[in-house]
Number of protein chains: 2
Amino acid sequence: MIGAPQYLLTLYIAEREDGEETPISPGYVADALDRSPPAATERLQNLDAKGLVRYEPYEGATLTDEGRDAAEELYDTYRILSRFCRDVLGVDDHEDEAMQLVGNVSPTVAERLAATLLRGGDNRGEATEAAESASQPSPDSPAS
Amino acid sequence: MIGAPQYLLTLYIAEREDGEETPISPGYVADALDRSPPAATERLQNLDAKGLVRYEPYEGATLTDEGRDAAEELYDTYRILSRFCRDVLGVDDHEDEAMQLVGNVSPTVAERLAATLLRGGDNRGEATEAAESASQPSPDSPAS
DNA sequence: TTTTTGTTTTAGGTTTCCCTAAACCCTCGT
DNA sequence: ACGAGGGTTTAGGGAAACCTAAAACAAAAA
């Protein structure tokens with residue numbers, strides 16, 4: 001299931017690309033989150049009612065200050081998760097994975113995960129690579 | 001929100017302590033997952049209808065073979081998450097954290113997290129200062 | 001054996017999130 | 001200007017989870 005975090009995050013990410021002023025269409029959100037257009041519309045209207053989003057019919061959604069604050073925090077967590085999945089675990093679709101997780105990870109875990117990333121630098125262990133090649137062999141490595 | 005994975009996992013864990021034959025009461029499950037007794041009853045009945053659980057009114061629930069298979073896999077992931085949260089991140093309530101995450105983590109991530117755990121014996125964060133020497137003899141074999 | 005007590009179940013209702021179908025609105029091409 | 005076409009919204013449902021209150025039950029106490 002998909003919750004408010006995913007919608008806020010989608011808006012936030014789109015906003016980074018198109019600018020803060022550009023309203024994001026329901027169609028775009030629906031597409032990004034794999035939902036029907038009506039579902040996206042209603043959800044955005046709902047976030048509007050909660051004061052997290054400003055929704056203009058037939059225009060689209062923009063984040064309110066409050067919504068952007070919330071989204072920023074989610075985005076931090078999202079980035080941490082995504083980078084962890086990519087750099088440490090070597091997961092291909094790290095962004096999808098992070099999007100899935102972002103609502104369920106506590107602030108504490110996010111924070112310490114970030115610390116782990118900083119500490120660990122770029123060393124991906126060979127155990128991870130071994131696991132990776134077991135499921136999808138890379139052209140260069142000898143498949144045991 | 002709480003899904004089927006949490007219920008299966010709760011039953012599985014309880015089963016380890018009480019034995020496979022002992023039916024688990026709705027009250028126990030409700031308590032473990034912080035839900036009302038009616039919620040637990042209905043959910044267990046629902047899992048029964050799906051063939052994952054055998055539910056006897058006024059008796060309790062036991063896992064079917066199919067349900068136990070599913071729960072075992074969830075348990076592996078749960079253990080990995082829990083150990084990661086405890087050993088690498090130094091989180092206090094690692095079990096709650098793991099329970100929260102267990103339905104949302106893909107098999108790939110679980111598998112590679114396990115690999116990371118295996119190789120990561122010495123580099124633990126300073127957040128991990130809790131003495132983790134006292135361990136219960138775990139009768140499970142960590143196969144994946 | 002009857003009562004009491006605590007648990008389980010049913011009943012009834014709410015919320016959240018999603019869908020399809022149909023109406024609606026805006027814009028663009030003619 | 002006006003009529004398509006395409007995206008958006010409303011209408012109308014439905015499924016999943018959960019709750020409280022009240023009824024049903026089982027088992028132990030009296």
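Labels below follow one simple rule: chain letters A, B, ... track the order of the sequence lines, proteins then strands, and each chain is numbered from 1.
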**Student:** How many Å lie between CZ on B/R35 and C1' on D/dA16, as a whole number?
**Tutor:** 13 Å
**Student:** Which atom names give the shortest non-hydrogen contact between B/L9 and B/A71, and what distance separates them?
**Tutor:** CD1-O, 4.2 Å
**Student:** For atom CD of B/E73, is the number of surrounding heavy atoms from other residues, nucleotides or ligands below 6.0 Å larger than 12?
**Tutor:** no
**Student:** Can you tell me how far the CG atom of B/L117 sits from the CG atom of B/D87, to the nearest 0.5 Å?
**Tutor:** 6.5 Å
**Student:** Taking NZ, NE, NH1 and NH2 as the nitrogens, is one of them in B/D65 or B/R68 under 4.0 Å from a carboxylate oxygen of the other?
**Tutor:** yes
**Student:** Please pick, from C/dT9, C/dC26, D/dT10, the nucleotide with the shortest atom-to-atom distance to any side-chain atom of B/P57.
**Tutor:** C/dT9
**Student:** Establish, with yes or no, whether the OP1 or OP2 oxygen of C/dT8 is under 4.0 angstrom from a side-chain nitrogen or oxygen of B/Q45.
**Tutor:** no
**Student:** On DNA chain C, check which nucleotide each of A/A4 and A/Y58 is closest to and give me the residue with the more 5' one.
**Tutor:** A/A4
**Student:** Separation of A/I2 atom CD1 from C/dC18 atom P, in whole Å?
**Tutor:** 6 Å
**Student:** From C/dA21, C/dT8, C/dC17, pick the nucleotide closest to the side chain of A/P38?
**Tutor:** C/dA21
**Student:** In whole angstroms, how far is the C1' atom of C/dT8 from the CD atom of B/E59?
**Tutor:** 12 Å
**Student:** For the residue pair A/F84 and B/F84, is the inter-centroid distance of their aromatic rings smaller than 6.0 Å?
**Tutor:** yes
**Student:** Compare side-chain N and O positions of A/T41 against OP1 and OP2 of D/dT8 and report whether any pair is under 4.0 Å apart.
**Tutor:** no
**Student:** Roughly how many Å is it from CD in A/E56 to C1' in D/dG7, rounded to a whole number?
**Tutor:** 17 Å
**Student:** At 4.0 Å (heavy atoms only), tell me whether B/Y55 reaches a base, stays on the sugar-phosphate, or touches nothing.
**Tutor:** sugar-phosphate
**Student:** Determine: side-chain N/O of B/S36 to OP1/OP2 of D/dT20, distance under 4.0 Å, yes or no.
**Tutor:** no
**Student:** Rounded to whole angstroms, how far apart are CD on B/E42 and P on D/dC18?
**Tutor:** 10 Å
**Student:** Tell me the interatomic distance from A/Y28, atom OH, to D/dG6, atom P, rounded to whole angstroms.
**Tutor:** 22 Å
**Student:** Specify the separation, in whole Å, of atom CG of B/L44 and atom P of D/dC18.
**Tutor:** 11 Å
**Student:** For B/P26, which contact category applies under a 4.0 Å heavy-atom criterion: base, sugar-phosphate, or nothing?
**Tutor:** sugar-phosphate
**Student:** Roughly how many Å is it from OH in B/Y7 to P in D/dC18, rounded to a whole number?
**Tutor:** 4 Å
